[in-house]
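For the numbers below, each heavy atom of this structure counts, side chains included, while hydrogens, waters and symmetry mates do not. By convention in this document, chain letters (A, B, ...) are assigned in the order of the sequence lines, proteins followed by strands, and residues within each chain are numbered from 1.
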Amino acid sequence: MEPGLQQAPQLHTEIISWFTANARDLPWRRPGCSPWGVFVSEIMLQQTPVVRVLPVWEQWMKRWPEPSALAAEPSGEAVRAWGRLGYPRRALRLHAAAAAMTDRFNGSVPATREELLTLPGVGTYTAAAVASFAFGRRETVVDTNIRRVHARALSGKALPAPALNAAEMRLAVELLPDDDAASVAWNASVMELGALVCTARSPKCAVCPVRQRCAWVAAGEPAPDYVPKGQAWAGTDRQVRGALMAVLRQAREPVPRNLLLGPADLTTAAAATDNNTATSSAEADAGTDAAALAKLHALQAPAEQLERALAGLLADKLAEENDAGLQLPV
DNA sequence: TACGCGTGGTG
DNA sequence: TCACCAAGCGT
């Protein structure tokens, strides 16, 4: 990694030039976008692809053009508007961050990394990214794309380490241009290169602006020295929670617990009459989506797992319990 | 430090 | 098809 630092100036020039010609036209990058717009985009983009964020971001900014507007509404509305972006706790944290901005920062997005770090849902990456992209400050932005570009171009490895480490952070700090504007351009450019060209699975080295300088290419593109750990899904509480969330998100009135916890009653009722007509009407009466409910029941999760998953939702305040059953806060 | 956290597109 | 992967965070 050290040797590559000598060509940092060339890397800056070539990657920033590539960005100028090839960057995607994303709404949160446009000159008129507010710091709040940048902030919202950064939270939504945590572990979620750009194409899925775009439509939700547009609707979000139209409905809540500034932090105080979001803070004025119940958190459940944020969860609903979040839709299927995933990790719905991010919606709660974004709502809480808007409340904190309203209370502690005069209704504005704070401009410094230190202040940004005090907001819920804002960690090392997001604080640096917002300070850099929304406020033009010189901050070292390190995300998964940037780590991968650094690992390949400078360290000659196929993939970065499983977790961000001190050596990577030092390298990123040393690579950051001194000039404020150049540092912002560099952050955005390396990230975009990692997202569009230096991708995880099938890097497009043929169109890479720095392929001649890439340590990984020079080393003959060696394979990763570790096996990425998979994300377990089938049969997990997480899967059950996701199915529960899909039902609760669109429900406009309390959802009875027994409707969520098992199809037993419905099966009996349906069998007693004829087909699933009874099931459909029962679900319609509860204001729930039949398809979402069917997916939940199709998992055939054990009752104790359903209870545990439901408790997990309640613990995160994604739903509130009342006499009638369950619903999102309204 | 390692793990859990949603969702859907894709090679 | 089915793991892998995606602008991380909090514990």
Do the side chains of Glu58(A) and Arg63(A) get close enough for a salt bridge, i.e. N-O under 4.0 angstrom? no
Output the rounded distance in Å from CE (Met169(A)) to C1' (dT1(B)). 18 Å
Can you tell me how far P of dA2(B) sits from OH of Tyr226(A), to the nearest Å? 12 Å
Just checking, any donor-acceptor pair under 3.5 angstrom between side chains of Tyr125(A) and Gln46(A)? no
Base, sugar-phosphate, or nothing for Leu85(A), non-hydrogen atoms under 4.0 angstrom? base
Using the P atom as the reference point in each nucleotide, state the distance between dA7(C) and dG4(B) in Å, no decimals. 22 Å
Inter-nucleotide P distance (dG6(B), dC2(C)), Å rounded: 24 Å
Which is more 5' along DNA chain B, the nucleotide nearest Gly83(A) or the one nearest Ser202(A)? Just name the residue. Gly83(A)
Would Arg104(A) and Thr118(A) count as having a side-chain donor-acceptor pair, cut-off 3.5 Å? yes
For the P atoms, the ones on dC3(B) and on dC4(C), what distance do you get once it is rounded to whole angstrom? 15 Å
Under a plain distance cut-off of 3.5 Å, with no hydrogens placed, do Asp237(A) and Gln305(A) share a side-chain donor-acceptor pair? yes
Send over the distance from Ile43(A) CD1 to dT7(B) C1', rounded to a whole Å. 18 Å
Per-nt protein contacts along nucleotides 4-11 of chain C (heavy atom under 4.0 Å; B base, S backbone sugar-phosphate only, - none) come out as BBBBBSS-
Glu139(A): salt bridge (Lys or Arg N to Asp or Glu O under 4.0 Å) partners, not counting sequence neighbours: Arg113(A)
Under 4.0 Å from OP1 or OP2 of dG6(B): is there any side-chain N or O of Arg241(A) that close? yes
Does any part of the side chain of Leu119(A), heavy atoms only, come nearer than 4.5 Å to the side chain of Phe105(A), both counted from C-beta? yes
Within this structure, what is the CE-to-P distance between Met245(A) and dG8(B), rounded to whole angstrom? 12 Å
Side-chain H-bond candidate by donor/acceptor type, Glu115(A) with Thr112(A), under 3.5 Å: yes
Once you round it to whole Å, what is the distance between C1' of dC5(B) and CH2 of Trp82(A)? 13 Å
For the pair made of CG in Leu196(A) and C1' in dT10(B), what is the distance, rounded to whole Å? 16 Å
To the nearest angstrom, how far is Asp237(A) atom CG from dC5(B) atom P? 7 Å
